[in-house]
Amino acid sequence: MQARPFSHSQLNTMLLSVLLTLQSALAWTAEEKDETWYQIEVIIAKRGANVQTLESFALRPDSIAWPQGQILRPFDPDTSDFTELENVEFIALPSEQRMLNNEVQTLHNNKSYQVLMHQSWRQILKGNKAINWIDIKEGNTWAGHYQLEGSLGFSKGRFLHVHSQLHLNQFPSVIDESDLPEQTKSLTTWRSWVPTVERRYSLIQRRKMRSKELHYLDHPKLVLLVKIIPYEPAEPILEAEIVLKVTPDDTRTLVDLTVLNVSE
């Protein structure tokens with residue numbers, strides 16, 4: 001049986017399909033190679049109890065989960081290598097390399113806010129929209145929870161995006177029973193020390209961002225300030241490598257491998 005040749009329209013359809021597949025593959029490859037270094041800085045503050053809100057929050061909320069991410073590595077100026085700050089990701093930058101010191105000082109001076117976290121670090125974001133999560137754990141702990149916990153994510157497509165899954169936990173307060181009626185003391189004691197979260201205030205948002213601009217995410221109980229700027233990592237320093245070279249007369253000489261030998 002002789003195979004029938006493809007018609008002109010069938011050949012055009014097949015060619016178009018191949019071209020679209022190739023274009024999609026090339027676009028995906030370009031996105032994968034689109035890697036950009038950024039310096040990211042974050043301030044998270046808690047609003048004071050005097051700030052009124054009409055929003056209600058559940059008493060003793062259910063357990064929740066959030067994406068786990070990178071843990072920022074602390075930097076000790078006395079023991080750490082300063083060159084790592086230039087080209088290693090996820091190192092918490094010292095205060096002199098942060099961008100929002102004035103903003104965090106303004107919040108410290110305002111009694112309506114309590115700063116819970118101020119961190120800055122450098123990392124690579126790829127242009128494939130993948131979310132890079134950073135673990136957040138700050139403040140006091142109780143019942144296996146931190147006062148502030150959750151994660152922040154950052155992604156890059158056509159625009160930069162910040163993804164917040166932050167949870168501010170309110171723990172039971174310890175009450176002085178000396179002035180309470182006798183019949184309420186046992187109940188109050190149990191409620192004061194029960195290992196649970198009394199209330200939880202969650203900031204779950206996704207926000208499109210522009211680099212070099214300060215962005216503000218608002219919430220009745222939390223304030224999130226984020227700034228992202230492009231960063232150019234330093235080139236690694238090539239150190240001279242000294243080795244022993246044996247000559248024909250068995251005399252050993254020192255050779256610097258970083259120096260080009262034009263005679264060879």
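Here the structure is a predicted model, which is why all the values come from computation and not from measurement.
- Between P220 and R47, the closest heavy-atom pair is O-CD, 3.0 Å.
- Residues Y231 and E86 have side chains in contact (heavy-atom distance under 4.5 Å, counting atoms from C-beta outward).
- In terms of heavy-atom proximity, S80 sits nearest to F75 at CB-CE1, 3.3 Å.
- Between W121 and F154, the ring planes lie perpendicular to each other; the angle is over 60°, past the 30° to 60° tilted range.
- Among residues at least two apart or in separate chains, side-chain hydrogen bond (donor to acceptor under 3.5 Å, both in side chains) pairs with a member in residues 143-154 are H145-E149, E149-N169.
- A salt bridge links K126 with E35: at least one charged nitrogen is closer than 4.0 Å to a carboxylate oxygen.
- Other residues, nucleotides and ligands place more than 12 heavy atoms under 6.0 Å from the CD atom of E96.
- Within the 4.5 Å cutoff, the side chain of K46 has heavy atoms near those of the L168 side chain.
- For the salt bridge (charged side-chain N to carboxylate O under 4.0 Å, His left out) test, no residue two or more places apart in sequence or in another chain qualifies with D62.
- Although no hydrogens or angles enter the test, the distance criterion places no donor-acceptor pair under 3.5 Å between the side chain of Q114 and the main chain of L107.
- The salt bridge (charged side-chain N to carboxylate O under 4.0 Å, His left out) test applied to R206 returns no partner, not counting sequence neighbours.
- Taking the charged nitrogens against the carboxylate oxygens, R122 and E89 have no contact shorter than 4.0 Å, which rules out a salt bridge.
- Here the options are E41, Q39, K227, the test is side chain to side chain contact (heavy atoms under 4.5 Å, CB included), and the partner is R98; only E41 passes.
- Ring planes of W142 and F171: tilted class, angle from 30 to 60°.
- Remark: side-chain polar atoms of R200 are not paired, donor with acceptor, to backbone N or O of L59 under 3.5 angstrom.
- The shortest side-chain heavy-atom distance between R210 and K212 does not fall under the 4.5 Å cut-off.
- Contact of the I40 side chain with the Q123 side chain is registered, since non-hydrogen atoms from C-beta on lie closer than 4.5 Å.
- N110 meets the side-chain hydrogen bond (donor to acceptor under 3.5 Å, both in side chains) test with S112; sequence neighbours excluded.
- Judged by distance alone, the side chain of Q68 and the main-chain N or O of W66 form a donor-acceptor pair under 3.5 Å.
- Annotation: I71, atom CD1; neighbour count of heavy atoms from other residues, nucleotides and ligands within 6.0 Å does not exceed 12.
- Two residues are said to be in side-chain contact when any heavy atoms from C-beta on lie closer than 4.5 Å; L224 and L152 meet this criterion.
- Counting all heavy atoms, side chain and backbone alike, M99 lies closest to E103 at O-OE1, 4.1 Å.
- No side-chain heavy atom of H215 sits less than 4.5 Å from a side-chain heavy atom of L225.
- L125 contributes atom CG, which lies 7.5 Å from atom NZ of K156 (distance to the nearest 0.5 angstrom).
- Judged purely by distance below 3.5 Å, without hydrogens or angles, the side chains of Q105 and N109 pair a donor atom with an acceptor atom.
- Side-chain contact check for S202 versus L166: every heavy-atom pair is 4.5 Å or farther apart.
- Here the straight-line distance linking atom CG of D135 with atom CG of L72 works out to 9.0 Å at 0.5 Å rounding.
- Applying the side-chain hydrogen bond (donor to acceptor under 3.5 Å, both in side chains) test to N140 and every residue at least two apart in sequence or in another chain returns nothing.
- Across P61 and R199, no two heavy atoms sit closer than the pair CD-CA, 4.0 Å.
- The closest donor-acceptor contact from the side chain of S164 to the backbone of Q205 lies under 3.5 Å.
- Residues passing the side-chain contact (heavy atoms from CB on, under 4.5 Å) test with E84, sequence neighbours excluded: R73, D81, V88, I91.
- Expressed to the nearest 0.5 Å, how far NE2 of H161 lies from CD1 of I131 amounts to 9.5 Å.
- Between I228 and M209, the closest side-chain pair of non-hydrogen atoms falls below 4.5 Å.
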